[in-house]
Amino acid sequence: MDIALIIVEAFKFIFPAYCANGTPVLAGGGTKMDFGKNFVDGKRIFGNNKTFRGFFFGWGVGIGVGLAEGAIFGFQNYPILFALLIPLGALLGDLTGAFIKRRLSIAPGGLLPIVDQIDFVVGAVVFSLPLALIGWEVAMTALLITPPIHLFTNFLAYKMKLKRNPW
């Protein structure tokens, strides 16, 4: 498969995850997903930045983007289950990253290189496995193209005063 085509396929595959992962910055707030509770190690489970409103708003936007891709590129290529699972996997991957960061005593918004840039992609890829929609080339390409895109979009969000840190 041509490298340009693989990059396009990777972007199409991961785009609902990108949208789901970015939306909570715009729509977050409200009840914390960990209810302010600590884990057995005495540290917060996820931290203040992970809220139910952000999670479900992100999932809704991701579902909408996934459904739009199905309508545009064909539901045989991007079925409704794709629209549900990819953003859900992305958001759960991001929560996993937050959980790991709290165990390492990294504050919400603090930097954990690599994990911060790909946790949501790993979640999306894992949740896509039952659908058998992509090959390893597309999955690996999604992992490779995401860090620079993620850093760029976070920098823009920082400049727009939506985030406290440029990462």
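Between the CZ atom in R102 and the CD1 atom in I45 there is a gap of 11.5 Å [rounded to 0.5 Å]. Distance check: L5 CG to K12 NZ gives 7.5 Å after rounding to the nearest 0.5 Å. Residue N49 holds its CG atom at 6.0 Å from CZ of R164, rounded to the nearest 0.5 Å. The structure places CG of N77 at 10.5 Å from CD of E69, a figure rounded to the nearest 0.5 Å.
I145 and A10 make their closest contact through CD1-CB, 4.3 Å (heavy atoms, listed as atom of the first residue, atom of the second, distance).
L129 belongs to no hydrophobic cluster, as no Ile, Leu, Val, Met, Phe, Trp or Tyr side chain comes under 4.5 Å of its own. With a 4.5 Å cut-off between side-chain heavy atoms of Ile, Leu, Val, Met, Phe, Trp and Tyr, the cluster of V115 takes in I100, L104, I106, L112.
Aromatic ring pairs are classed by plane angle as parallel below 30°, tilted from 30° to 60° and perpendicular above 60°; the pair F39 and F99 is perpendicular. Ring pair F82/Y78 is perpendicular by interplanar angle, where above 60° counts as perpendicular and below 30° as parallel.
Note: the hydrophobic cluster containing F75 also contains L81 (ILVMFWY, side chain heavy atoms under 4.5 Å, direct or indirect links). Cluster annotation: M140 and I118 are assigned to the same hydrophobic cluster (Ile/Leu/Val/Met/Phe/Trp/Tyr, side-chain heavy-atom contacts under 4.5 Å, transitive). L26 and F152 fall into different hydrophobic clusters, where Ile, Leu, Val, Met, Phe, Trp and Tyr are joined by side-chain heavy atoms under 4.5 Å apart, directly or via other members. Cluster annotation: I72 and V138 are assigned to the same hydrophobic cluster (Ile/Leu/Val/Met/Phe/Trp/Tyr, side-chain heavy-atom contacts under 4.5 Å, transitive). The hydrophobic cluster containing I149 also contains V122, counting ILVMFWY residues as joined when their side-chain heavy atoms lie under 4.5 angstrom apart, directly or transitively.
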Would K163 and V25 count as a side-chain contact (heavy atoms from CB on, under 4.5 Å) here? Give the steps. CA-CA 7 Å; K163 293 189 76 163; V25 169; 4.1 Å; yes

Please report the C-alpha distance between L111 and Q117 in whole Å, then the side-chain angles of each, then the deciding distance to 0.1 Å, and finally whether the side-chain contact (heavy atoms from CB on, under 4.5 Å) criterion is met. CA-CA 10 Å; L111 182 61; Q117 288 77 43; 4.2 Å; yes

The test is salt bridge (Lys or Arg N to Asp or Glu O under 4.0 Å); show your working for D116 and K101 and say whether it passes. CA-CA 9 Å; D116 281 334; K101 287 170 65 172; 3.0 Å; yes

Evaluate side-chain contact (heavy atoms from CB on, under 4.5 Å) for T141 paired with I14, printing each intermediate quantity in order. CA-CA 10 Å; T141 302; I14 205 64; over 6 Å; no

Using side-chain contact (heavy atoms from CB on, under 4.5 Å), reason through F13 and V125 one step at a time and then give a plain yes or no. CA-CA 9 Å; F13 163 75; V125 168; 4.0 Å; yes

Between side-chain atoms of residues 53-68 and protein atoms elsewhere (two or more places apart, or another chain), which donor-acceptor pairs fall under 3.5 Å?
from, atom 1, to, atom 2, distance (Å)
R53, NE, G29, O, 3.3
R53, NH2, G29, O, 3.4
W59, NE1, L84, O, 2.9

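Within a 6.0 Å sphere centred on OH of Y158, heavy atoms belonging to other residues, nucleotides or ligands number 12 at most.
Proximity of D119 to T96: side-chain heavy atoms (C-beta onward) are nowhere separated by under 4.5 Å. Side-chain contact check for D41 versus R103: some heavy-atom pair is nearer than 4.5 Å. Here the side chains of L85 and S128 are not in contact, with every heavy-atom distance at 4.5 Å or above. In this structure, L91 and L95 have side chains that are not in contact, with every pair of non-hydrogen atoms separated by 4.5 Å or more.
If you look at H150 and F120, their ring centroids are closer than 6.0 Å.
Both the sub-6.0 Å distance and the 45° axial angle are not jointly satisfied by K32 relative to the ring of F46.
N154 places no side-chain N or O within 3.5 Å of a backbone atom of P166 that could act as its donor or acceptor partner. Judged by distance alone, the side chain of R44 and the main-chain N or O of D34 form no donor-acceptor pair under 3.5 Å. Within the 3.5 Å criterion, the main-chain N or O of A90 finds no donor-acceptor partner in the side chain of D94.
Checking Y18 against T153 by side-chain atom types alone, no donor-acceptor pair falls below 3.5 Å.
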